[in-house]
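Okay, structure first, notes after.
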Amino acid sequence: MKRFAIETLVKWKKSSRRKPMIIEGARQVGKTWLVKEFAAMHYKNIAYINFEEQVFLRNLFSTDYDTDRIINAISAATHVNIIPGETLIFFDEIQEAENGLTALKYFNENANEQHVIAAGSLLGIELHKHSSFPVGKVQFMTLHPMSFFEFLDAMGENRLMEIVRKKDWITVNMFAPKLSELLKQYYFVGGMPEAVLAFSENHDWIEVRDIQNDILKSYDYDFSKHAPADVVPRIRMLWNSLPAQLSKENRKFIYGLVKEGARAREYEIALQWLFDGGLIRRVSNVTASRIPLKSYEDKAAFKIYAIDVGLLAAMSGLDSSVIIEGNRIFTEFKGALTEQYVLQELLLRHEPFYYAKKNSQLEIDFLIQESGQVIPIEVKAEENLKARSLRQFVTDYKSETAYRTSMSLYRQESWMTNLPLYAVETL
């Protein structure tokens, strides 16, 4: 399978301002595979160290940060002759190494000719423990689950993917039924690489669900292993409330759905832990449609989403029978899967927000900032094309560009563009 993130790593390799790269992302999104595949394609060799497996190396950085000594030790441990530009040094599960993250600073300052990448499970949590982590000494990349376009490529539909990517709408509309069918499959399979690979080989829905459930169990294990013991029960309750949170008509996060009578202060740490671990996505409300959107963020009003649409389907117990029942999967539990899917696609390039006007039913599912303007996006889970909130928003804020994404075909209207759900990645 291909991961488009390799293109980002190629640019990193060629950059004259290259710094050690930290790859963030939830467990099982394919960080290790990505780096190894990148090394195989663009380097002569790789010096790979997994600090979780190679316990004796966890003290590699504990005595000092002498990069010459460290490089010699890496070479001895991996049996690789490390040559700048020809060898990729890859520190996997770096959070297990004492002072491992801090050591990256010294690679940047004293051995910048070396190409260094670090990754690890729940790395976001570890990074937040290092309050003195040197700013400006490393680069970051977040690896998300496989997108719909990556799913199409894995299914052998590369040419169809390119037609959509190039926005050849006449041809795209011709293939709309096939694209809709593939999108239905993606809603169930999701973008976790192991699930996508299994489905591409066997098209076995049961095997996909088993893989998803195993991933969910590994996340639950992480709660017990890595989170403070007194917070674990709250993390579990909050995590398990995700399907209920997203099945409401108004998807604003409600603490009372986690536990009756629950208050924010009781669950703030649990919420932050899940966010830092990359297991949930948080989308904040904004009080106005103005640039920059971040300045108008209302931190008290937000929605939370899962990391992956397929995992959300597994958490909700959605049966594979919905795949063959028309377009039911798009509208299942009030379109929650569709909104989850659209968010994942937007996160590839944007930081989305949403807009909900007080004392009004006016709500815009997502707002993104692009080319100096705010772009509203209304998500429709079926071919119901009524968009009263979107039209009102466009009128109120005189939006030059607006999108409604739905199961309808692409078409441009005077005040907005209808974008098919399977083409959201073109935004």
Side-chain angles (χ1 to χ4, degrees), residues 3-39 42-43 46 48-51 61 65 88-97 99-147 150 191 193 222 226 272-284 292 294 305 307-308 343-352 368-369:
R3 294 305 308 268
F4 299 158
I6 283 183
E7 298 169 10
T8 301
L9 293 179
V10 171
K11 292 178 182 177
W12 168 81
K13 179 181 188 292
K14 294 178 179 179
S15 174
S16 60
R17 295 183 295 277
R18 185 191 61 257
K19 302 173 185 178
M21 171 73 81
I22 293 178
I23 299 181
E24 298 181 279
R27 184 186 292 277
Q28 301 290 331
V29 294
K31 299 183 294 293
T32 301
W33 182 91
L34 173 73
V35 178
K36 287 185 174 181
E37 184 74 3
F38 168 61
H42 297 281
Y43 291 88
I46 180 173
Y48 174 67
I49 291 180
N50 185 316
F51 289 108
F61 315 110
Y65 299 110
L88 177 66
I89 299 173
F90 180 24
F91 298 129
D92 206 358
E93 303 296 351
I94 194 171
Q95 77 282 350
E96 299 293 341
N99 301 329
L101 293 169
T102 305
L104 298 178
K105 167 187 175 181
Y106 296 93
F107 273 95
N108 178 62
E109 292 180 345
N110 304 327
N112 197 40
E113 72 281 1
Q114 300 291 346
H115 295 212
V116 181
I117 294 179
S121 302
L122 302 176
L123 193 52
I125 293 169
E126 188 67 21
L127 287 168
H128 281 79
K129 292 179 183 177
H130 288 69
S131 58
S132 62
F133 192 82
V135 176
K137 303 298 181 180
V138 295
Q139 294 172 244
F140 290 91
M141 185 184 86
T142 300
L143 185 63
H144 298 281
M146 295 177 72
S147 70
E150 287 178 309
D222 282 338
H226 298 285
Q272 191 64 44
W273 195 94
L274 288 168
F275 178 77
D276 290 343
L279 300 182
I280 61 172
R281 307 301 187 203
R282 178 172 173 153
V283 178
S284 295
K294 191 78 174 175
Y305 296 84
I307 180 181
D308 175 65
L343 173 69
Q344 285 179 228
E345 298 291 288
L346 293 177
L347 281 171
L348 298 173
R349 296 181 183 86
H350 305 280
E351 180 184 5
I368 59 173
Q369 193 173 304

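All heavy atoms count here, side chains included; hydrogens, waters and symmetry mates do not.
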message: I want to check something: taking the side chain as every heavy atom from C-beta on, are Arg349 and Ile368 in contact at a cut-off of under 4.5 Å?
response: no
task: List the steps, then state whether side-chain contact (heavy atoms from CB on, under 4.5 Å) holds for Ile307 with Val29.
output: CA-CA 10 Å; Ile307 180 181; Val29 294; 3.8 Å; yes
message: Once rounded to the nearest 0.5 Å, what's the spacing between atom OG1 of Thr102 and atom OH of Tyr65?
response: 4.5 Å
message: Minimum heavy-atom separation for Ala5 and Leu143, please, with both atom names.
response: CB-CD1, 3.8 Å
query: Are Arg3 and Met146 close enough, and set up right, to give a side-chain contact (heavy atoms from CB on, under 4.5 Å), and what steps lead you there?
result: CA-CA 7 Å; Arg3 294 305 308 268; Met146 295 177 72; 3.5 Å; yes
- prompt: Shortest non-hydrogen contact from Gln95 to Ala119?
  reply: OE1-O, 4.4 Å
message: Check the orientation of Phe90 and Tyr48. Use parallel for under 30°, tilted for 30 to 60°, and perpendicular for over 60°.
response: tilted
Where Leu88 and Ala39 come nearest, the two heavy atoms and their spacing: CD2-CB, 3.8 Å
message: With heavy-atom distances below 4.5 Å as the criterion, would you say the side chains of Leu104 and Phe91 are in contact?
response: yes
message: When you measure from the side chain of Glu93 to the backbone of Asn50, do you find a donor-acceptor pair of N or O atoms at a distance under 3.5 Å?
response: no
query: Is it true that a side-chain atom of Lys19 and a backbone atom of Gly136 form a donor plus acceptor pair closer than 3.5 Å?
result: yes
- prompt: Taking all atoms of both residues into account, what is the closest heavy-atom pair of Asn108 and Asn112, and its distance?
  reply: O-CB, 3.4 Å
- request: Mind running side-chain contact (heavy atoms from CB on, under 4.5 Å) on Met141 and Leu9 for me, showing each step along the way?
  value: CA-CA 9 Å; Met141 185 184 86; Leu9 293 179; 4.1 Å; yes
Gap separating the OH atom of Tyr305 from the CZ atom of Arg282, nearest 0.5 angstrom: 13.0 Å
message: So, taking the atom named CD in Gln139 and the one named CD1 in Ile117, what distance separates them when rounded to the nearest 0.5 Å?
response: 10.0 Å
query: Distance-only, no hydrogens or angles: does the Trp12 side chain make a donor-acceptor pair with backbone N or O of Pro20 under 3.5 Å?
result: no
Could you pull out all donor-acceptor pairs under 3.5 Å where a side-chain atom in residues 31-38 meets a protein atom, sequence neighbours excluded?
residue: Lys31; atom: NZ; partner: Gly25; partner atom: O; Å: 3.0
residue: Lys31; atom: NZ; partner: Ala26; partner atom: O; Å: 3.0
residue: Thr32; atom: OG1; partner: Asp92; partner atom: OD2; Å: 2.6

field: Distance-minimising heavy-atom pair for Glu113 and Arg18
entry: O-NH2, 3.7 Å
message: Tell me whether Arg281 contacts the main-chain N or O of Asp308 through its side chain, where contact means a donor paired with an acceptor under 3.5 Å.
response: no
- prompt: Partners of Gln344 by side-chain hydrogen bond (donor to acceptor under 3.5 Å, both in side chains), sequence neighbours excluded?
  reply: Gln340
message: Within this structure, what is the CG-CZ distance for the pair Asp222 and Arg27, rounded to the nearest 0.5 Å?
response: 4.0 Å
message: Whether the side chain of Glu150 engages the backbone of Phe4 through a donor-acceptor N/O pair (distance < 3.5 Å, no angle test) should be reported.
response: yes
message: For a quick test of reading the model, state the closest non-hydrogen atom pair linking Phe51 to Ile94 and the distance between them.
response: CD1-CA, 3.9 Å
